[in-house]
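Structure, as structure tokens:
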Amino acid sequence: MNDAASFAGGIDARSIIDASYLVTAALFILGLKRMSSPVTARSGILWAGAGMLVATLVTFAYPGLSNYELILAAILVGGVIAWWSGKRVAMTDMPQMIALYNGMGGGAAAAIAAVELYGLAGAGGHSEPLSLAASSLGVIGGIIGAVSFGGSLIAFGKLQDLIKRSFRFGGQQILNLLILVAALVVGALVATGYSATPAMVTALFAIALVLGFSMTLPIGGADMPVVISLYNALTGLAVAFEGFVLGNAAMIIAGTVVGSAGTLLTQLMAKAMNRSLGNVLFSGFGDTGGATSGAVTGSMKAIEAADVGVMMAFGQKVIIVPGYGLAVAQAQHKIWELAQLLVDRGVNVKFAIHPVAGRMPGHMNVLLAEAGVPYDIISDLDEINAEFETADVALIIGANDVVNPVARTDKSSPIYGMPILNADKAKNVIVIKRGKGAGFSGIENALFYLDNTRMLYGDAQKATAELITAVKAAG
Amino acid sequence: MTGIVALYIFMLAAFTGYEVISRVPVILHTPLMSGSNFVHGIVLVGAMVALGHAVTPLEKTIGTIGVLLAAGNAVGGYVVTERMLEMFKSSGGRAKRGGGAHG
């Protein structure tokens with residue numbers, strides 16, 4: 001019996017593939033586990049990478065597969081472009097690059113759903129019919145994937161400064177809700193087969209894409225990391241749902257793991273920024289230009305680099321508070337050089353990092369690591385805050401909102417309640433700043449006007465170079 | 001795979017994802033997000049299967065775009081995560097220019 005033999009052969013290939021997918025899923029989970037500690041993190045991505053390689057290779061042996069030349073060409077083109085862009089992207093631009101790659105994953109999940117649904121609806125319905133559960137999950141996964149794709153593109157555009165303003169108008173949330181309802185209604189018609197025509201399938205994805213755009217456009221740049229993290233979790237979920245449609249356990253496991261891990265990560269980030277997720281998605285703060293607080297009194301007092309050099313060189317303890325401005329000026333290497341000079345003189349130097357320093361929680365750590373700063377002299381908010389009182393100098397470079405004492409006192413301020421670094425408690429506060437403008441959020445910083453604060457005006461890179469000269473000259 | 005088995009997998013995987021990163025320090029948030037972004041690049045195998053079974057020109061076009069995007073997700077996610085994690089070192093792990101030389 002010819003049929004039976006080939007059938008048996010098919011099962012065989014399938015079981016080898018399924019076994020390989022199991023190995024892949026295990027490697028992913030172990031890899032993620034290793035990535036959650038700095039000591040083992042490097043090996044974590046290697047493990048996960050090995051898992052991905054195994055899964056991709058065995059999939060070529062999938063029974064009944066055709067279009068090999070298209071598959072290979074697409075992998076090659078997509079892979080090479082991503083490899084090239086990933087290798088050359090600057091560490092400062094990492095958040096938007098992650099958004100872009102994540103959007104691609106969401107788009108791929110939507111594409112899988114589209115191929116399946118067009119197969120059911122199109123030219124005589126040549127695909128095998130799906131169960132109601134499978135078609136429903138396929139449709140939901142497709143919607144989520146398309147939303148994640150559209151939303152991630154907007155997030156990328158905003159962080160890359162391609163989209164400069166936030167589009168907001170009255171009733172926007174109601175409009176978004178209506179678009180969501182429309183997507184669900186069309187989705188339900190398609191999934192139940194009630195009106196599963198190619199035109200309806202096209203409409204479904206168009207609506208979902210528009211939803212992704214319109215949901216993300218009103219959200220300001222400062223809140224983007226939380227949004228990117230959310231879309232990351234959503235893409236995972238979409239992948240898991242499409243995995244169910246295809247009967248692919250590796251996709252279900254990996255997608256769900258990312259979905260739940262990503263949700264947790266999103267909550268942690270939102271908490272670090274003192275925002276609730278609902279607040280981020282629906283309130284529209286986090287935009288530049290919300291400057292309202294005028295309650296700050298006093299004046300800013302300037303200081304020369306030479307004086308700061310002496311102050312630090314003969315101090316006991318210096319705490320450096322870097323912010324995104326440091327990275328923009330590419331001054332990470334210079335600041336590490338300065339820190340090493342001070343350490344050589346016996347000064348106790350520490351870096352204090354706020355959870356949202358940089359453009360994403362942990363982003364500043366990546367940027368300092370790039371400059372060679374070892375992670376064990378970098379402290380986070382909870383560890384360092386008690387130490388500011390004993391510090392001779394708190395050196396603020398390119399950070400603003402995260403050291404603004406207004407967050408502790410002024411209930412009307414948008415950042416009220418946000419945990420901040422207590423830099424104002426240090427004996428001397430030195431702020432390196434380009435000019436007198438407000439920060440990323442547009443909120444006036446009361447720290448700059450305190451009696452123990454001095455402003456060192458200038459570009460972070462140049463000012464740090466001057467400090468290095470000054471410390472060397474201090475003898 | 002039956003629906004109920006898939007539900008079991010869903011549930012166990014959801015708890016696993018939560019547990020695996022529940023104690024992650026803030027310093028690793030960005031790399032970990034990037035790493036989990038890489039992991040959902042597994043969508044590549046699904047996109048390959050979808051394209052492999054595509055028949056009409058429309059399906060083939062969408063399928064090809066799907067594989068292209070998925071490959072970008074997987075490869076790009078890997079490259080940037082690896083680049084970030086490569087840089088994390090402790091003071092013990094590098095030659096210190098500080099304390100050692102002077103005392």
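Keep in mind that what you see is a predicted model, and the values were worked out from it rather than measured.
Nearest approach of A/Gly79 to B/Val75, heavy atoms of both residues: O-CG1, 3.3 Å. The minimum heavy-atom distance between B/Ala13 and A/Thr256, with the atom names listed, is CB-CB, 3.7 Å. Scanning all heavy atoms of the two residues, the minimum distance from B/Arg83 to A/Arg88 falls at NH1-N, 3.8 Å. In terms of heavy atoms, B/Ala71 sits closest to A/Ala74 at CB-O, 4.4 Å.
We find the CG-NE2 distance between A/Asn365 and B/His29 to be 10.0 Å, quoted to the nearest 0.5 Å. Taking OG1 of A/Thr202 as the start and CG of B/Leu58 as the end, the distance is 7.0 Å to the nearest 0.5 Å. Atom CE of A/Met104 and atom CG of B/Leu68 lie 6.5 Å apart (nearest 0.5 Å). Between the OG1 atom of B/Thr81 and the CD1 atom of A/Ile98 there is a distance of 7.0 Å, given to the nearest 0.5 Å. Taking CE of B/Met48 as the reference point, atom CG of A/Leu72 lies at 7.5 Å (rounded to 0.5 Å). Rounding to the nearest 0.5 Å gives a distance of 12.0 Å between CE of A/Met94 and CE of B/Met33.
In terms of non-hydrogen atom pairs under 4.5 Å with chain B, the most contact-rich of A/Ala254, A/Ser85, A/Gly262, A/Ser66 is A/Ser66. Taking chain B as the reference chain and counting heavy-atom pairs below 4.5 Å, the highest number among A/Ala111, A/Ala261, A/Ala240 is found for A/Ala261. Contact count versus chain B (heavy atoms, under 4.5 Å) is highest, among A/Ile29, A/Thr24, A/Leu342, for A/Ile29. Highest contact tally toward chain B, considering only A/Asp380, A/Thr235, A/Leu246, is held by A/Thr235 [criterion: heavy-atom pairs under 4.5 Å]. Chosen from A/Gly259, A/Gly31, A/Ala48, the residue pairing most often with chain B at heavy-atom distances under 4.5 Å is A/Ala48. Taking B/Ile65, B/Val39, B/Leu44 one by one and counting their heavy-atom pairs under 4.5 Å with chain A, the maximum is reached by B/Val39. Heavy-atom pairs under 4.5 Å with chain B were tallied for A/Val80, A/Thr59, A/Val58, A/Val39; the largest tally goes to A/Thr59.
Listed for the A/Ser260 side chain is a donor-acceptor partner under 3.5 Å among the backbone atoms of B/Tyr18. Of the possible polar contacts, none joining the A/Ser36 side chain to the B/Val24 backbone as a donor-acceptor pair under 3.5 Å is found. In terms of modelled atom types and a separation under 3.5 Å, the side chain of A/Asn67 and the main chain of B/Leu51 share a donor-acceptor contact.
Using a 4.5 Å cut-off between heavy atoms, A/Ile228 contacts chain B through both its backbone and its side chain. Proximity to chain B (any heavy atom under 4.5 Å) is shown, for A/Leu32, by both the backbone and the side chain. A/Glu242 does not touch chain B: none of its heavy atoms, backbone or side chain, sits under 4.5 Å away. Contacts of B/Thr61 with chain A are absent, with no heavy-atom separation under 4.5 Å from either backbone or side chain. Neither the backbone nor the side chain of A/Arg34 comes within contact range of chain B; no heavy atom of the residue lies under 4.5 Å from a heavy atom of that chain. In this structure, chain B has a heavy atom under 4.5 Å from the backbone of A/Pro225, while its side chain stays farther away. Only the side chain of A/Tyr21 comes within less than 4.5 Å of a heavy atom in chain B; its backbone stays farther off. Contact of A/Leu100 with chain B is not made at all, since no heavy-atom distance falls under 4.5 Å. Both the backbone and the side chain of A/Thr56 come within less than 4.5 Å of a heavy atom of chain B. Of the atoms belonging to A/Ala55, heavy atoms from both backbone and side chain fall under 4.5 Å from chain B.
Here salt bridge (Lys or Arg N to Asp or Glu O under 4.0 Å) pairs that include residues 36-47 of chain A, with residues two or more places apart or in two chains, are A/Arg42-B/Glu82.
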Go through the steps to decide whether A/Ile253 and B/Thr16 satisfy the test side-chain contact (heavy atoms from CB on, under 4.5 Å), and finish with yes or no.
CA-CA 9 Å; A/Ile253 296 173; B/Thr16 306; over 6 Å; no

Output, in order, the C-alpha distance, side-chain angles, deciding distance and verdict of side-chain contact (heavy atoms from CB on, under 4.5 Å) for A/Tyr118 and B/Thr56.
CA-CA 9 Å; A/Tyr118 279 120; B/Thr56 66; 6.0 Å; no

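Counted by atom type alone, A/Asn232 and B/His40 present one or more donor-acceptor pairs between their side chains at under 3.5 Å.
No side-chain heavy atom of A/Met251 sits under 4.5 Å from any side-chain heavy atom of B/Val49. Residues A/Pro38 and B/Leu28 are in side-chain contact: their nearest non-hydrogen atoms beyond the backbone lie under 4.5 Å apart. Counting heavy atoms from C-beta on, the side chains of A/Val257 and B/Val20 never come closer than 4.5 Å. Side-chain contact between A/Pro95 and B/Thr30 is absent, with no heavy-atom pair separated by less than 4.5 Å. A 4.5 Å side-chain heavy-atom check between A/Val239 and B/Ile42 finds at least one atom pair inside the cut-off.
Open room surrounds OH on B/Tyr8; 12 or fewer heavy atoms of other groups in view lie less than 6.0 Å from it. For OH of A/Tyr68, the number of neighbouring non-hydrogen atoms (other residues, nucleotides, ligands) closer than 6.0 Å is greater than 12.
Here B/Tyr78 pairs with B/Phe38 under the ring-ring contact (aromatic ring centres under 6.0 Å, His included) rule; sequence neighbours left out.
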